[in-house]
Amino acid sequence: MTAESIPKATAKRLPIYYRYLNILHDTGKERISSTELADAVQVDSATIRRDFSYFGALGKRGYGYDVDSLLSFFKQILNQEHLTNVGLVGVGNLGHALLNFNFHKDGNVRISAAFDSKDDIVNTIQDGVPVYPVSDLADQLQEQQIQVIILTVPSDYAQGVADQAVAGGVRGILNFTPIRISVPDQVLVQNVDLTNELQTLIYFIENFSK
Ligand SMILES: NC(=O)c1ccc[n+]([C@@H]2O[C@H](COP(=O)([O-])OP(=O)(O)OC[C@H]3O[C@@H](n4cnc5c(N)ncnc54)[C@H](O)[C@@H]3O)[C@@H](O)[C@H]2O)c1
């Protein structure tokens, strides 16, 4: 089974399972039933069993799932053993917060280079990450083989920076700016809008909560 042949909805739940299994592993738990897992990750147990069935018969009736073998399987699927270096462009309020966070809990992703246009921050190290002049973006992405960037520049600069990143061979952009950037088909853009997320949450609370 390859990552490509797993249904998208199942693939989306993998990181949730993975994170929880890591916690179980750290506490020394060796096996878990789908019902226990369902309670912990808030996914119903039938869905969990179906999801896991895509990975072959990993569970044994009356025994549950072996935590270690599930973990190593997910690690392989999620490519967790492979460290992905990410660039961040725009070290302002939001950029600083993301640099400070730097995905340390997940272990397989880290921001390894940051870029800005302000003289007082360029060529410094912020939260352990070197900040390069944005004029070097395309070169540095290529040199450091960085294929994913986080975009946290003011909206007026978003498209220009995206163009530079594309010139540097970027394959994915996590776009925090309100601008819908244009990129070639082969480049993936994931837009993040916290206002939207909050409004969706409030809508669900008001309309679907018990
Ligand atoms: N998606 C969300 O939920 C969300 C939340 C907050 C902010 N934002 C967006 O994130 C962006 C950043 O917000 P902020 O509050 O951190 O802004 P900010 O002004 O504090 O920071 C922007 C940084 O980008 C740098 N910059 C400017 N032009 C640049 C360029 N061409 N190349 C590289 N760096 C450049 C600036 O020097 C500054 O350090 C804005 O577009 C804002 O709208 C989105």
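If you're wondering where the values come from, they're calculated on a predicted model, not measured in any experiment. Just follow the structure's listing: the first ligand is 1, and inside any ligand the first atom is 1. Along the sequence shown, residues carry numbers from 1.
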Can you give each donor-acceptor pair under 3.5 Å made by side-chain atoms of residues 193-200, sequence neighbours left out, with the distance rounded to 0.1 Å?
unit_1, atom_1, unit_2, atom_2, d
D193, OD1, T195, N, 3.0
D193, OD1, N196, N, 3.2
T200, OG1, N196, O, 2.7

* Go through the steps to decide whether F176 and L174 satisfy the test side chain to side chain contact (heavy atoms under 4.5 Å, CB included), and finish with yes or no. => CA-CA 6 Å; F176 277 90; L174 187 65; 3.8 Å; yes

* Evaluate side chain to side chain contact (heavy atoms under 4.5 Å, CB included) for V41 paired with I48, printing each intermediate quantity in order. => CA-CA 10 Å; V41 299; I48 291 180; 4.1 Å; yes

* Asked: When you look at Y20 and Y18, which way does the ring pair (Phe, Tyr, Trp, His ring centres under 6.0 Å) test go after all the steps?
  -> CA-CA 5 Å; Y20 188 69; Y18 180 74; over 10 Å; no

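Sorted by chain then number, the residues whose non-hydrogen atoms approach ligand 1 to under 4.0 Å are V89, G90, V91, G92, N93, L94, D116, S117, K118, V134, T152, V153, P154, S155, Y157, V161, F176, T177, P178, V192, D193, L194.
Judged by distance alone, the side chains of Y17 and D51 do bring a donor and an acceptor atom under 3.5 Å apart. Side-chain atoms of Y65 and E36 include no donor-acceptor pair closer than 3.5 Å.
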